[in-house]
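Notes to accompany the following structure.
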Number of protein chains: 2
Amino acid sequence: MNLAFAAVNGALKIGPTMSQMQNVERQLREMILGLEIGPGERLTERWIESRFGASRTPVRAALLRLETEGLIGRDGRGWTVAPINLAELGQIAVYREAVEVAAVRLTAALEDRGGIELIAAMLDSCDAETPREEWHRVGLDFHIELARLSGNEFLLRAVRDAMTRLSRARWLEVRDEKALGRAWAEHHAILAAVRSGDAEQAAQLLSAHIAGSRDRLVTSLHDDRRGLRARGFAVVAA
Amino acid sequence: MNLAFAAVNGALKIGPTMSQMQNVERQLREMILGLEIGPGERLTERWIESRFGASRTPVRAALLRLETEGLIGRDGRGWTVAPINLAELGQIAVYREAVEVAAVRLTAALEDRGGIELIAAMLDSCDAETPREEWHRVGLDFHIELARLSGNEFLLRAVRDAMTRLSRARWLEVRDEKALGRAWAEHHAILAAVRSGDAEQAAQLLSAHIAGSRDRLVTSLHDDRRGLRARGFAVVAA
DNA sequence: GATACCAGCCTGGTATCCCAAATTGGTATC
DNA sequence: GATACCAATTTGGGATACCAGGCTGGTATC
């Protein structure tokens with residue numbers, strides 16, 4: 001079973017019967033997260049309408065939902081793809097630390113922690129041959145699936161929301177193989193602590209992981225901000 | 001300055017220029033939170049349309065937003081006011097403990113904690129003569145404003161979301177004067193700890209307060225579930 | 001050449017119309 | 001009386017027409 005697919009499928013209801021609104025929402029989200037539409041770019045309902053072959057009714061519904069996800073915002077009397085906001089990334093790190101640590105503490109206290117092995121398998125499915133997209137996806141899904149194990153819908157939703165908002169920034173981050181390996185090792189260390197039921201250890205490792213991740217991310221984007229702006233991406237300073 | 005009003009005003013943009021969608025959203029939210037529309041009740045877009053004198057377009061936009069707030073949900077091919085869900089209340093307590101404790105720790109570490117006095121004043125504005133609605137509102141706003149002091153938008157949003165979802169259940173809770181006084185005292189004790197910069201103490205007091213609040217809430221609603229159902233309210237067991 | 005002004009276009013906001021599917025209520029059948 | 005069935009109604013999903021306000025580009029004036 002593919003955990004990641006289950007997650008996506010559960011959230012988005014991919015299937016033969018998908019409404020126009022879900023269709024537009026999904027495709028538009030993918031274009032934004034995949035940076036096919038750059039941060040800061042203007043969106044018009046008419047453009048989306050013609051781009052996806054749906055009328056304005058489902059387009060507007062999709063825009064409203066993406067707004068609540070923080071992927072787009074209102075710019076006066078129009079829609080704008082959310083810019084990369086370095087200050088916001090710092091706040092998100094604090095937020096996700098709170099909810100992820102709470103979730104991992106809950107999970108470590110559970111009796112049935114078998115789900116951990118599925119997450120470990122997901123991590124192990126990545127190797128040197130794995131494309132960068134896959135590393136990126138697994139890196140996000142690790143935290144989401146870990147939160148899911150807690151069984152708390154609200155912690156899960158919060159983590160998923162945070163990872164969605166971090167997704168583009170993490171994609172833009174320049175990460176060398178060493179950084180990828182370190183993250184991989186840290187993920188496994190967290191899993192080991194949870195597996196052994198050591199909530200305190202798991203919490204500390206996770207906190208450190210999130211803090212380090214935030215520092216590397218903000219530093220990388222801060223250093224690259226000129227290049228990012230040159231690509232037409234709106235970057236808001238910390 | 002009225003903190004509570006500022007919060008509402010900031011969130012809802014009350015003013016002379018309010019779109020139909022904001023109008024419908026606000027009124028419908030008030031009807032749901034005020035239990036004028038009972039938990040579990042069916043909603044049709046046509047009814048809302050005629051009830052508020054707006055066409056279906058803004059009605060549907062408002063419904064989409066209220067759905068993300070968890071106040072309504074889809075029931076097959078229709079809309080339903082979210083039932084009172086005792087299991088969910090327990091999960092929300094865990095969630096809000098995570099984010100509120102994180103926020104209060106941040107605030108206790110701030111240099112400028114002057115905002116605390118405004119919150120204390122808000123608490124002190126309630127006395128024996130104060131109507132129940134006001135106690136209810138202040139009890140919710142206390143936690144929201146405390147989170148606002150942290151300066152973290154995401155923690156604030158999370159607390160606001162949690163309090164919105166708890167609002168109806170807390171309104172239905174049978175609280176005697178003793179319980180109100182205890183909550184008032186606990187709130188002040190938390191403020192005192194934050195004021196003195198004792199993050200650890202503030203965190204512990206807040207955790208205990210949330211746990212106690214949850215226990216009383218779930219117990220009260222559990223005991224009253226027959227009465228609630230007799231009033232036509234859908235109550236989902238824990 | 002700079003500036004004040006105005007018409008036309010483009011935007012999101014709203015109202016309304018159509019549609020397929022599902023619910024419902026009555027009816028005929030056993 | 002229970003049940004299978006069918007038509008009318010109602011539902012949300014979608015498409016489209018219209019509107020007011022703001023932006024733009026051109027033009028006339030100084």
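All of these numbers come straight from a predicted model, not from anything done at the bench. Order of the sequence lines fixes the chain letters, A, B, ..., with proteins taken first and strands second; residue numbering starts at 1 for each chain.
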Enumerate donor-acceptor pairs with a distance under 3.5 Å from any side-chain N or O in residues 213-221 of chain B to protein atoms, sequence neighbours excluded.
unit_1	atom_1	unit_2	atom_2	d
B:Thr219	OG1	B:Asp215	O	2.7
B:Ser220	OG	B:Val174	N	3.2

Please list every donor-acceptor pair under 3.5 Å in which a side-chain atom of residues 32-40 of chain A meets a protein atom from a residue at least two apart or in another chain.
none

Sequence neighbours left out, cut at 3.5 Å: what donor-acceptor pairs do the side chains of residues 79-89 of chain A make with other protein atoms?
unit_1	atom_1	unit_2	atom_2	d
A:Trp79	NE1	A:Glu45	OE2	3.2
A:Asn85	OD1	A:Ala87	N	3.0
A:Asn85	OD1	A:Glu88	N	3.0

Please output the side-chain donor-acceptor pairs of residues 94-106 of chain B that fall under 3.5 Å, not counting sequence neighbours, one pair per line with the distance.
unit_1	atom_1	unit_2	atom_2	d
B:Arg96	NE	B:Glu100	OE2	2.7
B:Arg96	NH2	B:Glu100	OE2	3.1
B:Arg96	NH2	B:His143	ND1	3.3
B:Arg96	NH2	B:His143	NE2	3.4
B:Glu97	OE2	B:Ser207	OG	2.9
B:Glu100	OE1	B:His143	ND1	2.7
B:Arg105	NH1	B:Glu200	OE1	3.0
B:Arg105	NH2	B:Glu200	OE2	3.4

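For A:Arg175, the salt bridge (Lys or Arg N to Asp or Glu O under 4.0 Å) partners at least two apart in sequence or on another chain are A:Glu173. With sequence neighbours excluded, no residue forms a salt bridge (Lys or Arg N to Asp or Glu O under 4.0 Å) with A:Glu153. Remark: B:Trp47 engages no residue in a ring pair (Phe, Tyr, Trp, His ring centres under 6.0 Å) (not counting sequence neighbours). Partners of A:Asp223 by salt bridge (Lys or Arg N to Asp or Glu O under 4.0 Å), not counting sequence neighbours: none found.
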Practice prompt. Treat a base pair as Watson-Crick or G-U wobble with both distances under 3.5 Å, then lay out DNA chain D in dot-bracket form, 5' to 3', with | for cross-strand pairs.
Written response: ||||||||||||||||||||||||||||||
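Of the possible polar contacts, one joining the A:Gln22 side chain to the A:Ser19 backbone as a donor-acceptor pair under 3.5 Å is found.
Of all the residues in residues 58-67 of chain A, A:Arg60 reach under 4.0 Å from DNA chain C with at least one non-hydrogen atom.
Of the charged side-chain nitrogens involved, at least one lies within less than 4.0 Å of a carboxylate oxygen, so that A:Asp161 and A:Arg165 count as a salt-bridged pair.
Ring-plane geometry between A:Trp171 and A:His136 is classed as perpendicular, the angle between the planes exceeding 60 degrees on a 0 to 90 degree scale with a lower cut at 30.
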Worksheet entry | B/S/- contact track for nucleotides 16-22 of chain C, protein heavy atom under 4.0 Å | BBB--BS
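Using a 4.0 Å cutoff to heavy atoms of chain B, the contacted part of DNA chain D runs 5' to 3' from D:dT11 to D:dG14.
The CZ atom of A:Arg56 sits 9.5 Å away from atom OG1 of A:Thr44, with the distance rounded to the nearest 0.5 Å.
Counting non-hydrogen atoms under 4.0 angstrom, A:Arg74 reaches the backbone sugars and phosphates but no base.
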